[in-house]
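Here the structure is laid out as structure tokens; the discussion comes afterwards.
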4 protein chains.
Amino acid sequence: MDLETVKKYLEKGGGDEDGNALTTQGMPSRFFQNFIMHGLRVDLIEQGRILCSMKVPPRLLNAGNFLHGGATASLVDLVGSAVIYTYGVSSSGVSVEINVSYLDAAYVDEEIEIEARALRVGKTVAVVSVEFRKKNTGKIVAEGRHTKYLPVQSKM
Amino acid sequence: MDLETVKKYLEKGGGDEDGNALTTQGMPSRFFQNFIMHGLRVDLIEQGRILCSMKVPPRLLNAGNFLHGGATASLVDLVGSAVIYTYGVSSSGVSVEINVSYLDAAYVDEEIEIEARALRVGKTVAVVSVEFRKKNTGKIVAEGRHTKYLPVQSKM
Amino acid sequence: MDLETVKKYLEKGGGDEDGNALTTQGMPSRFFQNFIMHGLRVDLIEQGRILCSMKVPPRLLNAGNFLHGGATASLVDLVGSAVIYTYGVSSSGVSVEINVSYLDAAYVDEEIEIEARALRVGKTVAVVSVEFRKKNTGKIVAEGRHTKYLPVQSKM
Amino acid sequence: MDLETVKKYLEKGGGDEDGNALTTQGMPSRFFQNFIMHGLRVDLIEQGRILCSMKVPPRLLNAGNFLHGGATASLVDLVGSAVIYTYGVSSSGVSVEINVSYLDAAYVDEEIEIEARALRVGKTVAVVSVEFRKKNTGKIVAEGRHTKYLPVQSKM
């Protein structure tokens with residue numbers, strides 16, 4: 001993927017065509033990822049690094065009214081995968097491991113920024129770190145790492 | 001919580017009353033957790049261990065049409081937290097760390113079972129392991145661990 | 001490796017010949033692993049599972065006089081790798097990720113058992129869980145997971 | 001601890017007195033940590049951040065002649081703990097979780113730098129990230145995270 005396509009993937013869930021294609025039992029094929037990523041804005045994108053931001057939306061809150069740990073982990077997965085696409089590959093591989101440390105609560109309507117940074121993109125294994133910060137203070141909300149296995153592939 | 005209440009929490013998202021209570025901007029207060037857990041059935045519940053099952057639903061699929069890694073991590077969070085409630089505490093604490101290894105794909109409509117087992121529930125830190133298996137073969141789909149911090153609390 | 005060779009590797013650090021071979025700057029080539037594993041006994045070994053035991057030795061203690069977290073992580077690495085050898089491969093691959101949860105202290109001279117179980121050994125990625133328990137009570141001391149990348153290889 | 005004491009702890013294992021004190025069965029009380037950290041130099045130390053360097057020593061190699069994964073994890077533990085001391089507390093707490101991603105091999109005599117950065121030091125939980133880089137290229141060798149529980153304590 002070129003960088004513009006990766007940006008579109010993050011902000012629109014892969015484009016109008018794919019995003020709306022129906023799949024099993026009538027659900028759009030990228031329903032879950034769109035559900036998580038809706039409202040995400042890409043502020044910077046370059047090979048190996050993506051900086052994006054998001055206003056914590058009501059749909060992703062936990063019972064304590066702050067960003068749900070499962071939503072944070074889902075964003076580690078999705079934004080972490082997007083960084084691998086910035087290397088021009090046609091697939092971001094399959095997840096091997098995800099871990100997340102939860103450091104602070106991000107409440108509804110708070111602006112957070114999410115920075116994904118490739119630590120290594122080898123021929124078969126890629127590792128990405130993903131950091132969540134409060135936009136107004138820079139305080140770290142969560143720190144995650146995503147390991148993916150890259151099957152043999154041709155570059156696009 | 002008593003075991004019956006924990007079961008209800010997993011299967012109904014905390015009961016009709018709470019589940020439907022409106023919160024910030026008109027979203028039900030447990031929208032995300034209900035979105036993830038809808039369809040979960042508790043097969044066994046005892047102190048320190050919960051076994052439940054689920055048919056992989058279309059709404060939690062990734063673009064490859066199998067259970068999304070973010071949904072798996074969300075279930076580690078939610079079912080892992082429920083196990084802490086089986087000790088009769090009134091709060092399951094706040095998440096400190098979650099990690100998940102992804103071992104196999106679970107496709108739409110496959111029956112999976114999720115087993116959460118408390119490794120330690122101390123006065124201040126609790127650690128739970130959560131294993132996802134295919135029901136018909138027993139093959140492991142994912143293996144996760146959830147660490148929570150338990151603030152000082154009175155037992156219910 | 002056949003199972004007898006894996007057992008010897010764990011209990012003797014790879015045999016007298018290799019274990020004593022000199023390497024860079026005169027250090028035996030498996031000094032670190034022998035330093036960690038000395039005293040380990042294999043109680044059971046089968047494909048995909050190894051159960052071994054150890055008396056916590058003074059050399060692996062932390063300043064609090066219980067098993068050092070770094071020693072525990074080293075054992076996750078070493079015993080976790082040994083399990084991969086039980087599949088008859090000639091290399092256990094390279095480490096991709098290790099994680100460990102510390103649940104209880106194991107004091108000097110306490111007997112612990114270490115159980116390593118392969119969660120998945122695929123063509124390119126292997127994941128192993130490693131659990132440390134007190135032998136007399138069964139109480140879990142630590143729970144770890146080890147992910148390895150297996151380069152293309154011929155079976156021995 | 002003040003910063004000078006933390007520096008001494010990393011470079012000398014806690015000072016001549018403690019370092020040589022005999023403990024159970026005649027082993028010095030900080031034998032393991034000295035074994036791992038011997039040769040470590042502190043290049044920068046400030047509240048919440050420590051940068052140190054080390055020439056990969058023969059005693060910490062694996063059978064492939066590069067830094068052993070268990071040694072790396074041990075350094076995540078030790079240097080990660082030292083960062084907590086920079087906040088002036090008298091104990092760095094007990095380990096709750098350690099994870100490490102292995103990204104590249106560091107061969108014998110290579111100069112590596114180890115940067116530990118506190119992500120959060122709260123009243124009861126501290127999380128530290130520890131990055132290992134090759135000094136001459138800046139290439140990341142390993143990336144780890146260390147979570148500790150801080151028991152109630154008075155500041156020194």
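Proteins come first, then strands; the chains are lettered A, B, ... in the order of their sequence lines, and each starts at number 1.
The contact between Ala71(C) and chain D is made by backbone and side chain atoms together, counting heavy-atom distances below 4.5 Å. Of the two parts of Asn99(D), the backbone and the side chain both hold a non-hydrogen atom closer than 4.5 Å to a non-hydrogen atom of chain C. When heavy atoms are compared at a cutoff of 4.5 Å, Ile36(D) approaches chain C solely by way of its side chain, counted from C-beta outward. At a 4.5 Å heavy-atom cutoff, the contact between Val96(C) and chain D is made by backbone atoms alone. Only the side chain of Leu78(C) comes within contact range of chain D, judged by heavy atoms closer than 4.5 Å.
Going from atom CG of Leu61(D) over to atom CD of Gln33(C) covers 11.5 Å, rounded to the nearest 0.5 Å.
Around the NZ atom of Lys135(C), the shell of radius 6.0 Å holds more than 12 heavy atoms that belong to other residues, nucleotides or ligands. No more than 12 heavy atoms of other residues, nucleotides or ligands sit less than 6.0 Å from atom NZ of Lys139(D).
Each of Ser74(D), Ala142(D), Ala105(D) has some count of heavy-atom pairs under 4.5 Å with chain C, and the biggest count is that of Ser74(D). Heavy-atom pairs under 4.5 Å with chain D were tallied for Asn62(C), Leu60(C), Leu75(C), Val76(C); the largest tally goes to Leu60(C).
Here the side chains of Tyr149(C) and Tyr102(D) are not in contact, with every heavy-atom distance at 4.5 Å or above.
Between His68(D) and Phe32(C), the closest heavy-atom pair is CG-CD2, 3.3 Å.
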